[in-house]
Every structure is written in structure tokens, then in C-alpha cells.
Amino acid sequence: MKKKKREEKKELEDLPNVHGEVRMRLAPSPSGPMHLGQSRMAILNDEYVKRYGGILFLRIEDTNPHNILPEAYDMIPEDLEWLGVKVHKTIIQSDRFEIYYIYARKLLEMGKAYITTVPAEEWRKLKNEGKPTNDRDLPPEEHLERWDKMLNGDYDDGEAVYVVKTDLNHPNPAIRDWAAFRIIKDAEHPRVGNKYIVYPLMNFSVAIDDYELRLTHVLRGKDHLNNTYRQMYIYNYFGWKKPVYIHYGWVTMKDTILKTSTIKQGIKEGRYRGWDDPRLGTLRALAKRGIRPEAIRQYWIDVGLKSVDIEFSWDNLYAYNREIVDPLAKRYFFVWNPKEIEIKGVDKLVAQAPYHPSEDMGYRTYEFHDPIKVWVVDDEWSIIPDGSLLRLKDLCNIVKKGNEGEYAGNDLSVIKKGAKIIHWCPHNGLDMKIIMPDGKIYGGFTEPLVEKSVGETVQFERFGFCRVYKENGKLVGYFGHR
RNA sequence: GCUCCGGUAGUCUAGUCCGGCCAAGGAUAUCGGCCUUUCGAGCCGACGACCCGGGUUCAAAUCCCGGCCGGAGCACCA
């Protein structure tokens, strides 16, 4: 009840200029699976398309063959599905080269673009000085001829580049004439092979596709602001109606590993267990740790799309996740750094522990017969003074005597009198290790019944929420958060 | 250097467009209390912010000017 109230309260602001349905897009490049940072644009777009109705396109931007992880073509849709993002239509830019070429030719005919054979470095230098290259203002026929030569493969990598004219005196040097097509002969594209040698650059293909898809609204990071300005030249030259652009702020994620090149390298070198290594900021890693997509969604809704730069807060994300997971997670005991103790003075004990303190999930029951041995956490046990009365939660009270506990009844009122409560694990408990987000590993024992919760997120009492797996026949937990 | 964007508590956010109801609301974190056979959840309380300086005004977080600080872009990456 309470939760609902808050979730309803925090909503995204309305999108400006909505007339009927909206058409929006997600435009990831297939360099790896999706990470937390990218989930923001996916969620926000999805939220708006669901709110107003319309179409959400997934446009895979694979126009740089040097930076493609072939598996990512499948991983991205999987990640989106996990996130609960409803994609209506998927397009892949490498299917659309012919479309880009058509517009490229038109622009040349209009005299709004040129092909320069001036080396990159010199071209850049001239641009910064606001000067044209010696071939910029050649007649369109000449440039069309060069274009055909580019397509025919008459130039080698770097020998010619297709540039969109803007304004060489634009006060912002980032906006002046920008490259739109380059020649790549030295790489094979994972989808189209060697079919093309002239590759569009991001600003060109994006502008064309945004128009072709008749987008109404484009959400993108503030880092794309200058790209938006650049793309506007294309829209203006062709007289196209522009979508509404919204640039949201930069998110810094301290201590979070997101860079695909770093991850790829780490996996290769065996430092990471894979794309879902719990130390990573990929969605796969979060899923592994039992972070729910709804928590991620709520987090980004909470943040909204302001243009302020923000710092990502794991605490806030965990809080949303805890809210979702707490009422669902079964409770178990996990004893790390285990120490064996024997309970004396009783020959039969029955532990009946509820799976959940408030939800009705039933009980787990363990029966013990003399000799009764259990595992406790050594660092907890060792700081308890000899002779103290303490309680083994849901089992019994004992008085500590060295490495043994003298049975002291089952009267709960001792807690009120200040007896410390510790948790334990049956002596026939199962080996388990828990992997923390920083890579640390806790080894110990857990209750045999945890096997029934493989695949679920559970709470190890006084330890935290973990998702449980079975790897090579052994229980492994991935720590989510406290 | 040039161009652009932005600055509300530790973090995120509401309010800023259309100045007063904001001596600034919510979440999270932290601390304390209650409750509880978990150091979880719940309940109660505390802590804590309008970048600075001028100006306009009866009145400014909100409008204007200047400064300071932070960020982004200036790739034949996306």
C-alpha cells in the first residue's frame, strides 16, 4: 500500500508538443550488451511511448565495423526484454546503406556537401581557422564524380571523405563542416561483410533515419547536443519537419565498470567471469545479483530527464529493489567463516523457522538428535563472553561454554532481558559461497533447503539479499544488497 | 582557447516558465527511539539545501546583471 503510494507520486513530466501518438527510438550500437547507463534512455523512451501510445523503434547503429561485437545483436534485444521495454519495430542501419547513399547523392547535387581529398589533419586545421579546403567549392558535378569513385573503390581508406557543408564561420567550431561518409576497406562488417566500402558516420545516418522513421521526439544525452545542431543542417537542407529534441544530463557512475572495451578485455584475460560478472555495471550483472528491472525503471523515472548532471546512487537503486524484493524473498541462514559448536544437555531439538517474518510463506523445519552440532559465525561467537546466555534464532537458548553451548530452554523472554541473538546453520548444511559486487567471496554453510530456492532471490538473515544459483553442483549466491 | 549546457541537503528529486500559499515538500542515506526471535521490514523523531554578489519589487529559489563552480562537445567513434 505504502509503496504504491510513492510510486504513483513520482512520475515523469509530460513531453512537450505531443499531438496524438508519439514515435520514438532507442539507438544503441552493438558493441556489447546493455549497461546501466544505457538503460536510462531505454526506460524513458518506453515510458513515454506507453503513456501516449505510438511506436518505439529499436535502431541498431552498426555503421562502425571496427566496434561491433556480433553477439550484441542478440544481447541488446534480450536486455531490453528483461527491462520490460516494449520495442515495436527493430531496424538495423547496416541494412540501410542504399538509403543513405540516395540522400548523399541528393545533397551533393544540391551543392550542400562535398568530397574532399585533403588529408584529415589539414582539413581539420583549416576548419578551425574557418577556411575552406581547395576542393570544397568545386562544382557539384565534380563531387558527384568523386562520389562514384568512392563507391567504386577508386580511393583507399582515408583518401577521400564526404563532408556536409554547414557554415565555416559558425562560432562553434564543433558545428562547422562535418564528415558524413568515410571509406573502410580494411574491415569486414559482421552482417554485410565486404559489400560496402563507403560507411556513413553517425550524424548522417541518424539524421536520415530519424526523418525516415518520422520520429516525433528524440531523447538523448546532453553529450549529443552538438550532434543535434549538426543534424539540423540536414533537416534544413531538405526542408524536413524536426522532431522535438530533449537532452538530458550526464550521469557519472563512480566505481562502476561500464566500458565495453574494458569489459571485453577483462573477460578475455579471465579477470571477469563473463558479461554478467557481478563487479560489472551490465544489466546482466545486475540481473544476476537479483536487481529487478522494475527497480531500475523506478530509479530512472525518479531521476527524470533534466539536463543537470547527476551522480548515480546505488543506495537509491537498492532501496527501490529492496522494496520489491523484501516481501517476496524467503529467509534463510547463511553462516560464513563457520565454527562448529555442540549443544549439550538436550537430546532432541526441533527448529521451526518462518520463511518470512510477516508474509505467510510457511516454515522450514530441522530436527536434531544428540549429538547436536550446528555452525555459527566464528567472529560473532568468539566475541561473546563465556557464560553468557544467548539465543540461537528460531532454535533455542544456550549458555556459551567454550566451544559448546549448554541448552537453556526455549523461553523467548530472554531476548527482552538482553540475550544476544545469533543465527546458525545445521551441521549437515550445504557448502555455499557468496560473491560480492566487489569480487570478494564469502565461503560457508547454508541450510539444505536453500536448494529449493535456486534461481530465486532470498534474504540471508543479517547478511543481505542474494540471488541463488547452482554452479558445478555447488550453491553460489550473488549478493544484491543489504 | 572556442561553443554549448547546468548549478535546491551526502545522493536523487518537487518548486523556477506564470515572483507571495516555500522561514522550501518527498525519497534515500545517516543518527536516535518504538516494534520485532534478522544488523531486514514497519512506525516515530532528528539531521541537513535554494553557488556567490548586486539589482528590480511591498515581496525572489523563482525575474535581470556580473562572477564563481561543475559538465559536455570541438573524431574520417557512437
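We name chains A, B, ... by the order of the sequence lines, and we start the count at 1 in each one. Remember, predicted model here, so these are calculated numbers, not experimental data.
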* Any N or O donor-acceptor pair linking the side chain of A/Glu380 to the base of B/C39 at under 3.5 Å? -> yes
* Face-on cation placement of A/Lys127 at A/Trp123 ring, 6.0 Å and 45° thresholds -> yes
* Quick one: A/Arg482 CZ to B/A29 P, roughly how many Å, whole number? -> 12 Å
* To do: Could you go through the side-chain hydrogen bond (donor to acceptor under 3.5 Å, both in side chains) check for A/Tyr366 and A/Glu447 one step at a time?
  => CA-CA 9 Å; A/Tyr366 298 106; A/Glu447 302 172 36; 2.9 Å; yes
* **Contact summary for A/Pro448 and A/Pro426, nearest pair of heavy atoms** => CD-CG, 4.0 Å
* **Nearest-angstrom distance from the residue atom CG of A/Asn316 to C1' of B/U28** => 4 Å
* If the P atom of B/G42 is compared with that of B/G6, how far apart are they to the nearest Å? -> 37 Å
* Asked: A/Arg322 side chain N/O closer than 4.0 Å to the phosphate oxygens (OP1, OP2) of B/A29?
  -> yes
* Between B/A78, B/U13, B/C5, which nucleotide gets closest to the side-chain atoms of A/Ser307? -> B/C5
* Asked: Do A/Arg482's NZ or CZ and the ring of A/Phe463 fall within the cation-pi criteria of under 6.0 Å and 45°?
  -> no
* Between B/A9 and B/A24, how far apart are the C1' atoms? Round to whole Å, please. => 11 Å
* Structure fact -> Out of B/U13, B/A78, B/C4, minimum distance to the side chain of A/His224 belongs to B/A78
* What distance, rounded to whole Å, do you find between the two P atoms, one in B/U57 and one in B/A72? -> 41 Å
* Structure fact -> Rounded to the nearest 0.5 Å, the CD atom of A/Gln93 sits from the OG1 atom of A/Thr63 at a distance of 5.5 Å
* **For RNA chain B, the dot-bracket pattern of Watson-Crick and G-U pairs whose distances stay under 3.5 Å, | for other-strand partners** => (((((((..((((......[....)))).(((((.......)))))....(((((..]....))))))))))))....
* Closer than 4.0 Å, any side-chain N/O of A/Thr63 to the OP1 or OP2 of B/A78? -> yes
* Charged tip of A/Lys242 within 45° of A/Tyr235 ring normal and under 6.0 Å -> no
* The side chain of A/Pro173 lies closest to which of these nucleotides: B/U11, B/C2, B/A29? -> B/C2
* 5' priority, RNA chain B, between A/Trp123 and A/Gln352 [closest heavy atom] -> A/Gln352
* Does A/Lys393 make a side-chain N or O approach to OP1 or OP2 of B/U36 shorter than 4.0 Å? -> no
* Rounding to a whole Å, what distance do you find between A/Ile384:CD1 and B/C39:P? -> 14 Å
* Can a donor-acceptor pair under 3.5 Å be found between the side-chain atoms of A/Asp394 and the base atoms of B/U37? -> yes
* Spacing of A/Met202 atom CE relative to B/C77 atom C1', expressed in whole Å -> 9 Å
* Give a yes/no on whether any side-chain N or O of A/Lys416 is located under 4.0 angstrom from OP1 or OP2 of B/U36. => yes
* Asked: Aromatic rings A/Tyr211 and A/Tyr103: how do their planes relate, parallel, tilted or perpendicular, breaks at 30° and 60°?
  -> perpendicular
* Asked: Tell me: CD1 of A/Ile415 to C1' of B/U38, nearest whole Å?
  -> 11 Å
* A/Ile310 has a side chain; which of B/G40, B/A72, B/C12 sits nearest to it? -> B/C12
* So which nucleotide from B/U3, B/C5, B/G73 ends up closest to the side chain of A/Asn226? -> B/G73
* Send over the distance from A/Phe333 CZ to B/G40 P, rounded to a whole Å. => 15 Å
* Asked: Between atom CD in A/Gln459 and atom P in B/G40, what is the gap in whole Å?
  -> 9 Å
* To do: With RNA chain B as reference, determine whether A/Phe465 or A/Lys222 sits nearer its 5' end, using the nearest nucleotide of each.
  => A/Lys222
* Asked: Nearest-Å distance, CD (A/Glu13) to P (B/A14)?
  -> 7 Å
* Asked: Reckon A/Arg124 has a side-chain N or O less than 4.0 Å from the OP1 or OP2 of B/C76?
  -> yes
